[in-house]
Amino acid sequence: MSTLPYTIEELITVVLAKSFKDGEVGFTGLATGGAAALYITGIPLAAMEFARQTHAPNLTILLAGWSINPVFSEIRELPSAEFDSGLQNLPCEAQMETYPGPYAVRRGDVDFGFGSGVQVDRAGNINSTCVGDFNKPKVRLVGSILLPEHMTCFRREYIMMPHHEVRSFVEKVDYVSGVGYPGGDAGRQALGLTMGGPEWIVTPKCIFEFDRAAGQARLRSIHPGIDPHDVLNSTGFAIDTDGIPTTQAPTTEELAILRRKVDPHHALIPHGGE
Amino acid sequence: MSTLPYTIEELITVVLAKSFKDGEVGFTGLATGGAAALYITGIPLAAMEFARQTHAPNLTILLAGWSINPVFSEIRELPSAEFDSGLQNLPCEAQMETYPGPYAVRRGDVDFGFGSGVQVDRAGNINSTCVGDFNKPKVRLVGSILLPEHMTCFRREYIMMPHHEVRSFVEKVDYVSGVGYPGGDAGRQALGLTMGGPEWIVTPKCIFEFDRAAGQARLRSIHPGIDPHDVLNSTGFAIDTDGIPTTQAPTTEELAILRRKVDPHHALIPHGGE
Amino acid sequence: MGRTSKLTSLQEAAAIVKDGQRLTLGGFAIYQRPMAFARELVRQGRRDLTIVGVVNAIEADLLIGAGCVSRIETSYVGLEKFGLARNFRRAAEAGTLDTVDYPELIAWDRFRASQEGIPFWPCTFLGGSGIVEYNKDIVPFDCPVTGARLWAVPPAAPDVVVVHAVMGDEYGNVAFHDRKMLPQSVDITHTRSCDTIIVTVEKIVSGREMRKRPDLVEIPALRTTHIVEVPFGAHPTSLLGIYDCDEDAFRDYATASGTPETFADYLDSTVHPPGGHAGYLEALGVERLLALRNVELPA
Amino acid sequence: MGRTSKLTSLQEAAAIVKDGQRLTLGGFAIYQRPMAFARELVRQGRRDLTIVGVVNAIEADLLIGAGCVSRIETSYVGLEKFGLARNFRRAAEAGTLDTVDYPELIAWDRFRASQEGIPFWPCTFLGGSGIVEYNKDIVPFDCPVTGARLWAVPPAAPDVVVVHAVMGDEYGNVAFHDRKMLPQSVDITHTRSCDTIIVTVEKIVSGREMRKRPDLVEIPALRTTHIVEVPFGAHPTSLLGIYDCDEDAFRDYATASGTPETFADYLDSTVHPPGGHAGYLEALGVERLLALRNVELPA
């Protein structure tokens, strides 16, 4: 990636931003530590603010789920604690002080969110609970957290996978923390799920979208400089790389907005040299 | 009553107070205007504070349902508005700012309440909704309000009837706003009601209690100076006045506590001359 | 691109409410009701509304008396210390108004069911009540866990919610009292139970002003459909900490509602004169409005 | 007769919790957990507890690592930026801990179901999830209104709830932050979901002091079973506005929890030494504790 005039995070940020519509509401949790923080918090925040600064001035950001439309010029680093006075004192438009709060998750107030897991499968199911059998796990992880809601109450979900490896992109997840399209749209319907579901899977190598009738992930674009064989070899379920376009690169103007207006303190994502 | 050295309200207040146990939680709404205010708010408040000042220092008062343990020495008159700054500024221990609030009605936090209606019947059902057929009422009243909860979620209810007349004490209420003991305890059980129900019916003439097995009101005591025939003639369902004791009169010491410590500003109830 | 302002006139906002819709008017009993909005609905001659509420009072009685309402779902309609709601009573007795009764807490929980997107609120304590005898929207069922008899209470499901608050910005962020009481709490619940939210406020302030206390913004812009500046928009009801109940005006209302004829006169003289809400306030006069104000020393 | 004081020692309060009970420890994730209380349970050797929570962290991991817990019902167990909860992980992988998973909002709603006395919380969105595949306490049923597939989620039903707060009086009135965040909000919900409520507070103040802000008293005396003065009772977690997270102590914990052996050493050196909570604070030392304090100018 080092030969490109932008970072992979900048690339993803701008592509994500363009997929948001004006007036939408985006939810991001607060992940901490390295790549997870970048993919679940940093990139989503940068993308939402980029959208606000460009085509979507009425987009609403739910930072850590409870700080509504924070003032970005005040963010000097990614917050590392969800509920401390630092984030409480970050200027914003509204704060959620109690549960249930000022937006109605289960009425569909949230248009999109960002989630992740240790595994994602071909149907878009994600797993943050365990590797191996649930009752005798090889690795026990944190649990389902808010992923069930992300994948059914939000109107769409961007699955953010900071590591694109065979062990994370599996045929079938070991535990369904968040439901994708098992059996396609019809399958979701039969499960009583009337809303939401995964929109994209975003990785450092490519972006997947879904054939919702078939209930299968398919490639949407491969990032510039990435060999399609690398994508094939990193993905544990069958995909087709033929004729897949390259992920649209950000323009010079977009990079300037991103670097100067959205993230002037380089607090959210790594930036390319200018 | 004028020949007695106490008012009927003082009599009722002390009798009620003695029925409260230490540590209980009592709920009173805020009725306005004349006898209703006296029987639903004034007497209950005086009785609860009397209990606190005597045998029940741990009794909790829920004034208007939301001002918890108000400081009585600050009450100069019965509040006439539930939600204005006057009541908000009355010193107290805790306030309910939101629904659901700091006590859990439906877990059974409230030991007793005080309710009223335009009709009460032999089974202890009360009606605040309509006279005549619900679908074509002769008189439409305010509705059920909180009476369903009073009669099923509170652990017991004191039905306070400021006017003891045949038209209010009926064989069967026209509409059951709050459920008594239809079919007795077994009848309540069959209706799925596992808690609560009316304890007494308190009037200016007497006090009723309930034969819960039979699901019928019966006289508990007749107030001093009241002719049993008056009680019979004022009650629209069959009762037996034989051998019913006279309501226990307050002692001089009790009257002194009531007048000097509980209601020194004569804000809650009328007092007899001293 | 600039952000969209949601500022609307009272007339335009009231026009959002269509004949036949389910309408929730904020406030509780005789406190903090969006009265200016209700009067505008009367002016516009709205018909066949269903009022969905928790504890209703003058705002419902006014609309009923003006012929705007065909059905009401609530636990109480009355004027507290000002007496019975007489238009409500007459309409119910005449059979021109469908009254659908709920217990008070359950009337409130119906809005929580709408907020949570659940198809019903489970209730345990309705057996033997007139509520379940006459309200056929409440469906009995057996608890799938305990087998006990339960009742499925339908969500409030308003089409439009209107509340009156102290202040907001043009984008629709609306701040509430720091020290709340139930009329403020129910408004907060109301505004989370519906996707068409109209807020009338005493004053529109800048976004910068609002950002001083983001913790008090209980209605974020994302939930607000329209915001309207309507000073004394709750008159004659009170707005906690801002102005008191206009007891004379309230008593005039109660008296006027005594007969259909006197109430028609009241509407003609008080609601229908030209000038809308501004004219209504002019008719009350400066001295009277200022006398109702609450003032305190700024912090 | 005088009013009864509910002041209790930490040891007596912890003794209220019996082996085998369902226990809820307040706070949220790594914030405002009643850690001193949890450590006292470890000292007393409590066994076979079920932890019922929303988002759990060090308080659960500590009790699990000390062998006090046989089952946990929650949506998350982890240490946020301090990594995985390794005692939890080991116990789950070894099969010595029953893990019962709930979605986060539903884990919270279970306490609301207990608060409201309803036998289940209806949930619409669980189809296809591992939650309903493995959690047999959640009962599928058909909506009595719409016919759609729903799930009846059991109430949290804790036997004992313990939260750590800023201040309270000897009768059990407990005040909360004016500007709340979710850890305070969940504590408020917790304390309304159960009839045995133990509150540890930084400081006991007089009833007169408490009456200055009755609007901030979210746990009235009537709900409190015992109140215990425990300064720095949340250490090493933070108490919003009072003290910060002790990051060094937290990291020491995370490191120690890496193996059963190092964790046993940790318990021996940190939890079990004589002197209880006072000894624990002494070992930390004045300088360290004072450095964690938040201070601001009095109003």
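A, B, ... follow the sequence lines: proteins, then strands. Residue 1 opens every chain.
Heavy atoms closer than 4.5 Å to chain A are found in both the backbone and the side chain of D/Ser129. Residue contact with chain D, scored on non-hydrogen atoms closer than 4.5 Å, involves the backbone and the side chain of A/Pro137 alike. Contact of A/Ala81 with chain D is made through backbone and side chain together, with heavy-atom distances under 4.5 Å. Using a 4.5 Å cut-off between heavy atoms, D/Ile131 contacts chain A through both its backbone and its side chain. For D/Leu240, the part lying under 4.5 angstrom from a heavy atom of chain A is the side chain only. Within the 4.5 angstrom heavy-atom criterion, only side-chain atoms of A/Leu193, from C-beta onward, approach chain D. Proximity to chain D is limited to the side chain of A/Val105, based on heavy atoms less than 4.5 angstrom apart. At a 4.5 Å heavy-atom cutoff, the contact between D/Ala94 and chain A is made by backbone atoms alone. Both the backbone and the side chain of D/Arg179 come within less than 4.5 Å of a heavy atom in chain A. Looking at D/Asp178, the atoms closer than 4.5 Å to chain A (heavy atoms on both sides) all sit in the backbone: N, CA, C or O.
When the candidates D/Thr74, D/Leu84, D/Thr99 are compared by the number of heavy-atom contacts under 4.5 Å with chain A, D/Thr99 comes out ahead. Put simply, of D/Gly241, D/Pro103, D/Gly78, the one with the most heavy-atom pairs under 4.5 Å next to chain A is D/Pro103. For the set A/Pro148, A/Gly101, A/Gly183, A/Gly65, the entry with the most heavy-atom pairs within less than 4.5 Å of chain D is A/Pro148. For chain A, the option among D/Ala92, D/Ala85, D/Gly128 with the highest count of heavy-atom pairs below 4.5 Å is D/Gly128. Ranking A/Pro100, A/Ala31, A/Ala36 against chain D, the residue ahead of the rest is A/Pro100, based on heavy-atom pairs under 4.5 Å.
Of residues 82-89 of chain A, those residues with a non-hydrogen atom less than 4.5 Å from any non-hydrogen atom of chain D are, in numerical order, A/Glu82, A/Phe83, A/Asp84, A/Ser85, A/Gln88, A/Asn89. Of residues 106-131 of chain A, those residues with a non-hydrogen atom less than 4.5 Å from any non-hydrogen atom of chain D are, in numerical order, A/Arg106, A/Thr129. Residues of residues 137-153 of chain D lying within less than 4.5 angstrom of chain A, judged on heavy atoms, are D/Trp151 in numerical order.
Here the side chains of A/Val142 and D/Phe88 are not in contact, with every heavy-atom distance at 4.5 Å or above. At least one side-chain heavy atom of A/Tyr99 sits under 4.5 Å from a side-chain heavy atom of D/Asp109.
Atoms CD and NZ, from D/Glu93 and A/Lys136 in turn, are 8.5 Å apart once rounded to the nearest 0.5 Å. For the atom pair NE2 (D/His177) and CD (A/Glu97), the distance works out to 11.0 Å, reported to the nearest 0.5 Å. One finds the CG atom of A/Leu147 at 9.5 Å from the CD atom of D/Glu104 (value rounded to the nearest 0.5 Å).
Within a 6.0 Å radius of NZ in A/Lys138, no more than 12 heavy atoms belonging to other residues, nucleotides or ligands are found.
Nearest heavy atom pair, residue D/Ile106 against residue A/Glu149, reads N-OE2, 3.8 Å. Between D/Phe125 and A/Cys153, the shortest heavy-atom contact is CD2-SG, 3.6 Å.
In this structure, the side chain of D/Tyr102 does not engage the main chain of A/Ser144 through any donor-acceptor pair within 3.5 Å.
A salt bridge links D/Asp101 with A/Arg140: the closest approach of a Lys/Arg side-chain nitrogen to an acidic carboxylate oxygen falls below 4.0 angstrom.
The salt bridge (Lys or Arg N to Asp or Glu O under 4.0 Å) test applied to A/Glu165 returns A/Arg167, not counting sequence neighbours.
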